[in-house]
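Values below: every heavy atom of this structure, side chains too, minus hydrogens, waters and symmetry copies.
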Amino acid sequence: MTEEESNPMSLILENMPLVAILEGAILIIMGVYFYLFPEDEQSVTALIPAIIGLGLMVPGLITILRPENKKHAMHAGAMFCLIGLLGGLMGIPDFIVWITDGGDLERPTIARMAMVLLCGENLVGSILSFRLARIKRELESQN
């Protein structure tokens with residue numbers, strides 16, 4: 001077993017479609033739950049994490065079902081990650097207020113922070129995965 005094959009990070013980067021499906025499912029479940037069981041009144045905006053999660057999950061499924069479309073599908077998933085990350089950043093001021101003042105953490109802030117964490121991690125993983133694929137292609141073309 002080579003050093004690259006035993007590296008756990010390499011294993012994750014090579015399986016980014018599964019990571020995208022898992023993280024997309026988490027966001028979908030969270031968005032639907034917050035929509036169906038609101039604190040006070042239902043709001044369609046509670047479904048935003050579910051929409052972003054669907055944008056992560058579908059490209060992951062496309063990649064598994066049609067491997068020839070992997071490059072395009074995973075780039076589309078990375079775009080949804082970027083949108084989710086940028087949208088989630090709006091929750092940082094509320095999160096900072098919660099950290100400094102205490103009190104209850106509201107659901108919109110929880111949803112935004114979950115989007116920042118999941119989409120940010122997936123975006124970084126996608127970028128590293130794209131770099132790893134490019135390096136492998138270059139090495140194969142040299143041989």
Side-chain angles (χ1 to χ4, degrees), residues 1-100 104-143:
M1 186 179 277
T2 65
E3 181 182 328
E4 182 180 304
E5 291 172 347
S6 65
N7 184 355
M9 189 64 174
S10 178
L11 180 67
I12 292 171
L13 294 178
E14 291 175 0
N15 292 308
M16 281 306 292
L18 295 175
V19 173
I21 291 170
L22 176 66
E23 292 178 350
I26 292 169
L27 287 171
I28 290 169
I29 291 167
M30 182 183 63
V32 170
Y33 177 80
F34 285 172
Y35 177 74
L36 293 177
F37 304 105
E39 288 178 336
D40 42 353
E41 68 181 61
Q42 247 178 0
S43 173
V44 178
T45 58
L47 291 173
I48 291 173
I51 294 167
I52 297 296
L54 197 60
L56 288 177
M57 184 181 257
V58 169
L61 290 171
I62 289 172
T63 298
I64 290 173
L65 298 175
R66 310 263 317 192
E68 64 273 11
N69 294 329
K70 180 177 184 174
K71 184 177 180 180
H72 301 298
M74 293 312 293
H75 278 85
M79 285 304 301
F80 271 94
C81 286
L82 179 61
I83 293 167
L85 175 64
L86 294 175
L89 290 175
M90 294 186 316
I92 289 180
D94 294 334
F95 189 70
I96 291 171
V97 167
W98 174 75
I99 289 173
T100 57
D104 289 337
L105 191 58
E106 296 179 4
R107 286 184 174 190
T109 305
I110 294 170
R112 289 180 186 136
M113 290 296 98
M115 283 190 355
V116 165
L117 292 175
L118 293 173
C119 291
E121 179 273 329
N122 197 301
L123 185 61
V124 170
S126 294
I127 292 168
L128 293 175
S129 174
F130 298 153
R131 287 187 61 210
L132 180 65
R134 187 184 73 230
I135 290 169
K136 283 185 177 184
R137 269 194 320 271
E138 290 173 357
L139 288 175
E140 288 174 1
S141 69
Q142 290 175 357
N143 294 332

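By the 4.5 Å heavy-atom criterion applied to side chains, Val116 and Leu85 are counted as neighbours. Considering only heavy atoms from C-beta on, Ile92 stays 4.5 Å or farther from Arg112 through its side chain. The closest side-chain heavy-atom distance from Phe130 to His75 is below 4.5 Å. Side chains of Tyr33 and Arg107 form a contact here, defined as non-hydrogen atoms less than 4.5 Å apart. The shortest side-chain heavy-atom distance between Pro93 and Val97 does not fall under the 4.5 Å cut-off. Taking 4.5 Å as the limit, every side-chain heavy atom of Trp98 sits out of range of all side-chain heavy atoms of Asp94. By the 4.5 Å heavy-atom criterion applied to side chains, Leu27 and Met57 are not counted as neighbours. Leu105 is not listed as a side-chain neighbour of Met113, based on a closest heavy-atom distance of 4.5 Å or more.
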**Report entry** Evaluation steps, side-chain contact (heavy atoms from CB on, under 4.5 Å), between Val19 and Glu121
**Finding:** CA-CA 10 Å; Val19 173; Glu121 179 273 329; 4.3 Å; yes
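Summarising the geometry, atom CD1 belonging to Ile83 is positioned 12.0 Å from atom CD1 belonging to Ile48; distances are rounded to the nearest 0.5 Å. With rounding to the nearest 0.5 Å, the separation of CD1 in Ile21 from CD1 in Ile26 is 12.5 Å. Atom CZ of Arg137 and atom CG of Leu132 lie 10.5 Å apart (nearest 0.5 Å). In this structure, Asn122 CG and Met115 CE are separated by 13.0 Å, a value rounded to the nearest 0.5 Å.
Side-chain N or O atoms of Ser129 include one that pairs as donor or acceptor with a backbone N or O of Leu13 at under 3.5 Å. The backbone N or O of Ile96 lies less than 3.5 Å from a partner atom in the side chain of Thr100, making a donor-acceptor pair.
For the residue pair Pro59 and Ala73, the shortest heavy atom distance occurs at CB-O, 3.0 Å. Shown here for Ala78 and Leu123, the closest heavy-atom pair between the two residues is O-CD1, 3.6 Å. Residues Pro67 and Ile64 come closest through the heavy atom pair CD-O, 4.0 Å. Between Ile52 and Phe80, the shortest heavy-atom distance links the atoms CG2-O, 3.9 Å. Here the closest heavy-atom approach between residue Gly91 and residue Thr109 is recorded as O-CG2, 3.9 Å. Across all non-hydrogen atoms, the minimal contact from Ala20 to Met74 is CB-CE, 4.4 Å.
The pair Lys136-Glu140 fails the salt-bridge criterion, with no side-chain N (NZ, NE, NH1 or NH2) lying under 4.0 Å from an Asp/Glu carboxylate O.
Evaluated for a side-chain contact (heavy atoms from CB on, under 4.5 Å) with Ile28, the options Leu54, Leu47, Leu56 yield exactly one hit, Leu54.
Atom CD of Glu106 has 12 or fewer heavy atoms from other residues, nucleotides or ligands within 6.0 Å.
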